[in-house]
Each structure stands twice: as C-alpha cells, then as structure tokens.
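In what follows, every chain begins at residue 1, and chains take the letters A, B, ... in the order their sequences are listed.
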Number of protein chains: 2
Amino acid sequence: LIDLKNVTKVYQLGDVEVHALRGVSLQIHAGEIVSLVGPSGSGKSTMMNMLGCLDRPTAGSCLLDGVAIEKLSADERAAIRNRKIGFVFQSFNLLSRTSALENVELPMMYSQKLTAKQRRKRAEDLLELVDLKDRHDHFPSQLSGGQQQRVAIARALANDPPILLADEPTGNLDSKTGGDVLRLFHRLNREKGLTIIIVTHDHHVARATRRQIVMRDGQVLIDTTDAEEAIRAI
Amino acid sequence: LIDLKNVTKVYQLGDVEVHALRGVSLQIHAGEIVSLVGPSGSGKSTMMNMLGCLDRPTAGSCLLDGVAIEKLSADERAAIRNRKIGFVFQSFNLLSRTSALENVELPMMYSQKLTAKQRRKRAEDLLELVDLKDRHDHFPSQLSGGQQQRVAIARALANDPPILLADEPTGNLDSKTGGDVLRLFHRLNREKGLTIIIVTHDHHVARATRRQIVMRDGQVLIDTTDAEEAIRAI
Ligand SMILES: Nc1ncnc2c1ncn2[C@@H]1O[C@H](COP(=O)(O)OP(=O)(O)OP(=O)(O)O)[C@@H](O)[C@H]1O
Ligand SMILES: Nc1ncnc2c1ncn2[C@@H]1O[C@H](COP(=O)(O)OP(=O)(O)OP(=O)(O)O)[C@@H](O)[C@H]1O
Ligand SMILES: [Mg+2]
Ligand SMILES: [Mg+2]
C-alpha cells in the first residue's frame, strides 16, 4: 500500500544541513496497525510527512498504491491525500476562526461528494464518536488541549480514508479518553480495514499495535512485531 | 505561596455558559512539587491559568505571596508573572518568527536586569540544559514537536522564577527525554527550592511528585500524597 525506498530528507538551513531521514526503506500493507516510536528529533514526524505525501523526499521514492508520489505536482498530491489519507497532526493544525464542526467538514468540501446537509450530519456523527458533540460550535481557542486533539482526529476521519496517519494522537489525552480513541481506531481497523500508522511516545499505545518501527537519528533501527523488543530499544 | 479560595471560572459563549472551575480552594506551599491530573476537559489548564495569574477568576480570590491577584490590573499581573512564574504552555506558544535562542531570551528582556551579553549566555546555558544548544538559531517550524516543547521549558526558566507551572511538559517527549526533563525539575527543586506544579496525563510523572491533585468537572476530587489513590480516581 505504501512503499518507501531509500528515502532521504535533508533540510537546508543556511549553510547547515539537517539530515532528518537518512535512507529509509519500509513497506506498509493494507489493514496493518503500526506504531512508530523513537526519541524526540529522530525523524518520526518527517517520516509521517513522507508516508502521507505531505512533503517530497530529497532522494528516494514513495509509492502510494503503486503511484510514485515524488513525481506528482503539489496539486496532484493534494488530491490523492484528500481521498486516501487522514492525518492527525502533532500540533493539530485546526483553523482557529472556524468552529469544531466546520473544521471536521473541511476535508469533505474539497471532495465535493456530499451535499451540505450530508456533510453536516457526518461531521456531527464524527464529533459524537470522539465525545464532543455538544462542542460543535466552539472554536479551537474555546476548547481544552485534549478536546482540540479529538477534533483533529474527527477531521482526519472525515472522508472515510483507507489510511490514517496519527502523529501522537493521545499525547494530550488522559488514559481513559486516550483508551477510547485507541478502541475507536481498532474498531475502524476491524470493520473497515483502515490502515493505521501511529507515532507515539506512549508504551501502552505501542504495545496495542501489531508492529513497531523504532527510529533513531533518521534511520529505522528495528522493525518488529515484538513490542517489548521495540520498547527496550527506544 | 499560592492560595486559591472558592475560585470559579465561567466562560460565556453566546448564551451558553461553560463552568470550567466550580468553586476550587487549594493552597500550594513554597518548595512543593505537585501534579495536577484528571480527564480531558476537567479544568486543569484553566486551574493553571488561575495559579499563574494569567486570567482572572469569575469569582473567588487568588493570593500569590499574599497579594490578591484578582484585584490587580493586567499590567500589574504581567509584572508579577514575569518575576515570579515560569509557564510551560500546553501548546508551547513560541513566537514563530524568532529563533529558539530569542524565544528563551524574551522573558529576560522584560525584566531588564541583564545585559544583552548576559541574556544570550543564560539562554544558551538553558538550551544546553534541555539538550538543544546546537539548535539555538532554528525557528520553531524547523524543530520537532518535542524540541519545541523543550524550548518552551527553557524559556519558562529564563528569569529563574520561584514557581514553575508546566502544562503537560512531557506530552511530546519520549520516555528518556521526558525523564531528563523531570530530573532537571527535581534538581531545581532540591537546589533552589523551585515550587513546581505539573499538569500531566502520564502516571509515571504523577507518581514522581509528592502530592497529586485530581480534578473532575471543574472541581478538586482528591488532594493526596498517595499517588496510587490519585491514579485510581482519574
Ligand atoms: N476560552 C474558553 N472559552 C470557552 N470554554 C473554554 C475555554 N477554555 C477552556 N474552556 C472549556 O473549559 C473546560 C476546561 O478546559 P481546560 O482547558 O481547563 O481542560 P483541561 O483539563 O486542561 O483539558 P485537557 O486535558 O484536554 O487539556 C473545558 O470544557 C473547555 O472546553
Ligand atoms: N522544517 C524543518 N527544517 C529544518 N529541520 C527540521 C524541520 N522539521 C524537522 N526538522 C529536524 O529534523 C529532525 C527530525 O524531526 P522530526 O519532527 O521528524 O522529529 P520527531 O521524531 O517527530 O520528534 P518529536 O518526537 O520531538 O516530535 C529534527 O532534528 C528536527 O529538528
Ligand atoms: Mg514529531
Ligand atoms: Mg489542558
């Protein structure tokens, strides 16, 4: 489903180069639930940008459903993302001047498949899934950190994408609410075959996935189904 | 040191009222390390705003070092905060157009006690404390989530305040880096008597503090030194 081959990402800052990814190869298959773990600064969010076609590699190739992403224009990448990828950002990236409901509706407007009434109904249902239905008309600044995170999760699911990329989706949630979110993800994986990649610092979250990829210094250190081996290696 | 008496905070949203704090009373003594835990939306960040004089209560009183904060003007509160309180925000609140170093220097410029050279040196030392010295000239968008969080921590310590309020300071950090931050906090508490209040969803962090305050629905549910009792109650 997603195939990275020798992906390198170098950020140029003046005359300093930051090697965020140093030749990473990995394959994600449809229906998998994978966690991506590793120290702060090891390249996880950068890896997620590659997996989610948000950014182009400096070198190497990213295949999504057989399509070479690095060869597409920005518009073509945006169209593919909108249909195929739900992204929960590490810093949420909600629009501050639109309500929770409108934030969730936004990806649906791009694809233009639903009427305004259908969009609204779907957005309300998604907010209910993350226990925020009564907050639909609140703006992000009127929501707690964990509530904003849940709006971001609802928005990622708006277009019913086949792939969900979640960058630390439970970082601002207490263990009960975080547990509810993970149960939701697992349910969507079972019922719809949703492919899920979760960046996490939480060992409990990592243990609840079937495969763990451990990163360090822009490389994949370990790729395993043995959660304890992965956790020891972080 | 900090004394909240019957503090209430109501947010008015159109004709809906959100009761974020419903009559909270608590005392924090100099030299304490306290964790504040509870479900998403239970009022922890709002409580931190009260403790840190960032906001006025709707009713009740906040005494900081015997001074009634709710009676002060916004300027007077800002002056007290700058001297006495270091705040690590849940969403970091770094200035996006200034470098990591300048973000850390900012609180020092307000108090005008140091020369430019002294400020720069202190900011570099603080960034080194959080393992980011080589990133001093990077902008927040050029840093990982956990690196931004560490810049926010360094900035909170800039004026060597007697009180540190940290709203989920390890949420974006792997367990090793998070552990380093907590060890730093404990060391400052031992060596300088720094009073620390940490909002956290992480049970390990809560166990490492001497007192746990559990919130639910805008009220204090439990105030204890028995970490396990607190964790069961979340
Ligand atoms: N500016 C605001 N306007 C309206 N309501 C607000 C505002 N800020 C917070 N609230 C509401 O007040 C309640 C408490 O929010 P608060 O941010 O203190 O929760 P929290 O315990 O920090 O949650 P989290 O763990 O998710 O960060 C929530 O219901 C929230 O939606
Ligand atoms: N836009 C950018 N410009 C320059 N350097 C960047 C940029 N984005 C990330 N980096 C750097 O690339 C490296 C990897 O960053 P990344 O955000 O992928 O780390 P991460 O594993 O997600 O960390 P965290 O757990 O702290 O979120 C870091 O050293 C970071 O400072
Ligand atoms: Mg990251
Ligand atoms: Mg909060």
Novice: Where does A:Glu168 contact chain B at under 4.5 Å (heavy atoms): side chain, backbone, both or neither?
Specialist: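 For A:Glu168, the contact with chain B is made by the side chain alone.
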Novice: Need one label for B:Leu13: side chain, backbone, both or neither, based on atoms under 4.5 Å from any heavy atom in chain A.
Specialist: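 It is the side chain, since no backbone atom gets that close.
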Novice: So for A:Val37, is it side chain, backbone, both, or neither that comes closer than 4.5 Å to the heavy atoms of chain B?
Specialist: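 Neither; nothing under 4.5 Å.
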Novice: B:Arg211 pairs by side chain to side chain donor-acceptor pair (under 3.5 Å) with which of B:Thr224, B:Thr225, B:Asp223?
Specialist: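 Output: one option passes, namely B:Asp223.
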Novice: With no hydrogens and no angle check, is any side-chain donor or acceptor of A:Thr170 less than 3.5 Å from a backbone partner on A:Leu173?
Specialist: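 No, A:Thr170 side chain to A:Leu173 backbone: no donor-acceptor pair under 3.5 Å.
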Novice: Using a strict threshold of under 4.0 Å (side-chain N to carboxylate O), is an ion pair present between A:Glu228 and A:Arg232?
Specialist: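 The answer is no: the pair does not qualify as a salt bridge.
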Novice: Which answer fits B:Gln142, side chain, backbone, both or neither, if we ask what part of it has an atom under 4.5 Å from a heavy atom of chain A?
Specialist: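 When you check distances to chain A, only side chain atoms of B:Gln142 fall under 4.5 Å.
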Novice: For B:Ser40, which atoms come within 4.5 Å of any heavy atom of chain A: side chain, backbone, both, or neither?
Specialist: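 When you check distances to chain A, atoms from both the backbone and side chain of B:Ser40 fall under 4.5 Å.
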Novice: Donor-acceptor pair, B:Arg122 side chain versus B:Ala158 backbone, under 3.5 Å?
Specialist: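 A pair under 3.5 Å: yes.
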Novice: Between B:Val199 and chain A, with a heavy-atom cut-off of 4.5 Å, which part of the residue counts as in contact: side chain, backbone, both or neither?
Specialist: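 Contact with chain A involves no heavy atom of B:Val199 at all.
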Novice: If the threshold is 4.0 Å, N to carboxylate O, is there a salt bridge linking B:Asp180 and B:Arg183?
Specialist: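 Yes, charged N to carboxylate O under 4.0 Å.
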Novice: Please test A:Thr98 against A:Asn103 for side-chain hydrogen bond (donor to acceptor under 3.5 Å, both in side chains), starting from the C-alpha separation and ending with a verdict.
Specialist: CA-CA 6 Å; A:Thr98 58; A:Asn103 264 286; 3.0 Å; yes
Novice: Is it the side chain or the backbone of B:Thr177 that comes within 4.5 Å of chain A heavy atoms, both, or neither?
Specialist: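 For B:Thr177, side-chain heavy atoms alone lie under 4.5 Å from chain A.
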